[in-house]
Amino acid sequence: MKPGDPVLLKGSGKNYFVTAGNGDLHTEVGVFKLDRLLEMEYGDSIASHLGFELKPRRPRAPDFFNQLKRTGAPVNPKDIGMIISHTGLNKQDTVLDAGTGSGILAIYLGLVVKRVLSYEARQDFLDVARSNIALAGLDNVEVRYGDV
């Protein structure tokens with residue numbers, strides 16, 4: 001893994017959304033040194049100082065939906081699926097997204113299409129969306145401030 005890569009640490013009942021190499025994760029089962037993820041591959045095991053193990057996994061779109069910070073009401077995955085299936089979006093498409101919100105739709109679309117250009121008119125929503133998109137590790141999603 002590279003520094004800043006998004007990682008979902010999966011346990012037997014608790015999951016943690018982190019970024020590789022970003023400090024320590026303090027949990028009820030011990031402290032996990034996230035810089036150790038830089039020496040690992042997805043699917044390996046990372047142990048806390050107490051010996052409890054979690055499996056690092058590459059987050060998928062539903063993980064982002066469940067774990068990222070939200071503003072307003074995000075588009076639900078079932079509706080995103082309908083958008084993708086009814087429009088036939090694919091890796092050759094560029095999408096204009098009006099009203100970024102927390103960036104959930106832009107993230108899902110960014111995993112499917114060539115490029116997403118999204119506009120958000122509220123600065124507080126824009127800040128959250130940019131942070132969420134950065135956590136998702138997508139460089140093909142651009143969020144601009146303004147009213148589309």
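Here, residue 1 is the first one in the sequence, and each next residue gets the next number.
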Contact summary for [X] and [Y], nearest pair of heavy atoms:
X	Y	answer
K69	V128	O-CG1, 3.8 Å
G101	E120	N-OE1, 2.7 Å
P56	L9	CA-CD2, 3.8 Å
I83	T87	O-OG1, 2.6 Å
P6	A136	CG-O, 3.7 Å

Side chains of [X] and [Y], heavy atoms from C-beta outward: is any pair under 4.5 Å?
X	Y	answer
V95	L89	yes
S102	F125	no
I107	I133	yes
L50	V31	no
L117	D97	no
R58	L8	no

| message | The test is side chain to side chain contact (heavy atoms under 4.5 Å, CB included); show your working for N90 and V112 and say whether it passes. | response | CA-CA 6 Å; N90 64 65; V112 174; 5.6 Å; no
| request: Can you run down the side-chain hydrogen bond (donor to acceptor under 3.5 Å, both in side chains) pairs that involve residues 76-85, sequence neighbours left out, and say none if there aren't any? | output: none
| query | What's the verdict on side chain to side chain contact (heavy atoms under 4.5 Å, CB included) for M40 and M1, showing C-alpha distance, side-chain angles and the deciding distance? | reply | CA-CA 6 Å; M40 300 179 152; M1 287 176 241; 4.1 Å; yes
Test your reading of the model: is there a side-chain donor-acceptor pair from [X] to the backbone of [Y], 3.5 Å cut-off?
X	Y	result
D5	T19	no
N140	G110	yes
T27	G30	yes
S48	V29	yes

Value rounded to 0.5 Å, distance of [atom1] in [X] from [atom2] in [Y]:
X	Y	atom1	atom2	result
D93	L109	CG	CG	10.0 Å
Q67	L135	CD	CG	11.0 Å
L54	N15	CG	CG	8.5 Å
I80	M82	CD1	CE	12.5 Å

Please tabulate, one pair per line, all N/O donor-acceptor pairs under 3.5 Å involving side-chain atoms of residues 141-148, not counting sequence neighbours.
from: E142; atom 1: OE1; to: R115; atom 2: NH2; distance (Å): 2.9
from: E142; atom 1: OE2; to: R144; atom 2: NE; distance (Å): 2.7
from: E142; atom 1: OE2; to: R144; atom 2: NH2; distance (Å): 3.3
from: R144; atom 1: NH1; to: Y119; atom 2: OH; distance (Å): 3.0

Using the side chain to side chain donor-acceptor pair (under 3.5 Å) criterion, which residues pair with [X]? Sequence neighbours excluded.
X	value
D124	R122
D127	Q123
K114	none
Q92	none

| said: For T94 and V113: C-alpha separation, side-chain torsions, deciding distance, then whether side chain to side chain contact (heavy atoms under 4.5 Å, CB included) applies. | reply: CA-CA 6 Å; T94 296; V113 303; over 6 Å; no
| query | Any ring pair (Phe, Tyr, Trp, His ring centres under 6.0 Å) pairs touching residues 18-59, not counting sequence neighbours? | reply |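 For residues 18-59: none.
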| task | Only pairs at least two apart or in different chains count here, so list each ring pair (Phe, Tyr, Trp, His ring centres under 6.0 Å) that has a residue in residues 64-94. | result |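 Qualifying pairs: F17-F64.
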| task | Return the set of residues passing side chain to side chain contact (heavy atoms under 4.5 Å, CB included) with L38 (not counting sequence neighbours), or none when no residue passes. | result | P3, A20
| said: E53: which residues meet the side chain to side chain contact (heavy atoms under 4.5 Å, CB included) condition with it, sequence neighbours left out? | reply: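 E53 satisfies side chain to side chain contact (heavy atoms under 4.5 Å, CB included) with S45, A47 only.
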| field | Pairing residues for D63 by the salt bridge (charged side-chain N to carboxylate O under 4.0 Å, His left out) criterion, not counting sequence neighbours | value | R57
| field | For D24, salt bridge (charged side-chain N to carboxylate O under 4.0 Å, His left out) partners two or more places apart | value |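 Salt bridge (charged side-chain N to carboxylate O under 4.0 Å, His left out) check on D24 returns K33.
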| query | Given the rule in the side chain to side chain contact (heavy atoms under 4.5 Å, CB included) test, do T71 and T100 qualify, once you have shown the distances and angles that lead to the verdict? | reply | CA-CA 10 Å; T71 56; T100 312; over 6 Å; no
| Under a single-linkage definition using a 4.5 Å side-chain heavy-atom cutoff for Ile, Leu, Val, Met, Phe, Trp and Tyr, are L126 and L138 assigned to the same hydrophobic cluster? | yes
